[in-house]
Amino acid sequence: MDVTIDKPRVEHADCRKVSQVLARVGDKWSVLIVMQLAEGELRFSEIKRRVNGISQRMLTLTLRGLERDGLVTRTIYPTVPPRVDYALSELGHSLCRPVMALGQWALAHVDQIDTARERFDRASAAR
């Protein structure tokens, strides 16, 4: 299958920036968090409960990185104890479509990928 994609000319200096952005938005925790926040604003504990396997420290670091990159907003409410909600920014919402498409692609092809991995591992073990 031949797929033709119009590729913009990328200067060497831009590659580093693009690489940094892709590292953030392609990180497994970032993808899962963006998918959860696509449904609406959530508290830290709600995100932790929904994102299976993420540690409190990793969730904190990932949310901080997403906030730094302008993808997530953090709202602190002056209650006792303080309430903190996280939501996707406008920029974060623009990431939803590609992230959801990637997630749907992964779900649709996970069996084929598992089969390919098993075949590769068997062939590697036989060498």
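Note that the structure is a prediction, hence the values are computed from the model and not measured.
Checking side-chain atoms of Thr62 against main-chain N and O of Met58 turns up a donor-acceptor pair under 3.5 Å. A donor-acceptor contact shorter than 3.5 Å is absent between the side chain of Thr73 and the backbone of Ser89.
Residues Val84 and Leu37 fall within the same hydrophobic cluster, defined by Ile, Leu, Val, Met, Phe, Trp and Tyr side chains chained together at heavy-atom separations under 4.5 Å. Hydrophobic clustering places Leu42 together with Ile76 (ILVMFWY residues linked when any side-chain heavy atoms are closer than 4.5 Å, directly or through intermediates). Leu61 and Val21 are assigned to two separate hydrophobic clusters, defined by single-linkage of ILVMFWY side chains at heavy-atom distances under 4.5 Å.
Atom CG of residue Leu66 and atom CG of residue Leu91 lie 10.5 Å apart, to the nearest 0.5 angstrom. Cys15 contributes atom SG, which lies 11.5 Å from atom CD of Gln20 (distance to the nearest 0.5 angstrom). Annotation: the span from Met35 atom CE to Leu95 atom CG amounts to 11.0 Å, rounded to 0.5 Å. The distance from the CG atom of Leu63 to the CG atom of Leu71 is 11.5 Å, given to the nearest 0.5 Å. Residue Arg43 holds its CZ atom at 12.0 Å from OG1 of Thr75, rounded to the nearest 0.5 Å.
The shortest distance between side-chain heavy atoms of Gln36 and Val51 falls below 4.5 Å. Residues Ile33 and Leu59 have side chains in contact (heavy-atom distance under 4.5 Å, counting atoms from C-beta outward).
Legend: ring-ring contact (aromatic ring centres under 6.0 Å, His included) pairs involving residues 69-109, not counting sequence neighbours, sorted by first then second residue: Trp105-His109. Residue pairs that meet the salt bridge (Lys or Arg N to Asp or Glu O under 4.0 Å) test with at least one member in residues 106-121, sequence neighbours left out, do not exist here.
When all heavy atoms of Thr79 and Arg83 are compared, the pair lying nearest together is OG1-N, 3.3 Å.
In this structure Arg24 satisfies the side-chain hydrogen bond (donor to acceptor under 3.5 Å, both in side chains) test together with Asp69, sequence neighbours excluded. In this structure, Arg49 has no side-chain hydrogen bond (donor to acceptor under 3.5 Å, both in side chains) partners at least two apart in sequence or on a different chain. Every residue meeting the side-chain hydrogen bond (donor to acceptor under 3.5 Å, both in side chains) condition with Glu39, not counting sequence neighbours, appears here in chain and number order: Arg50. Residues passing the side chain to side chain contact (heavy atoms under 4.5 Å, CB included) test with Ala38 are Leu88, Cys96, Met100, sequence neighbours excluded.
Other residues, nucleotides and ligands contribute at most 12 non-hydrogen atoms within 6.0 Å of the CZ atom of Arg64.
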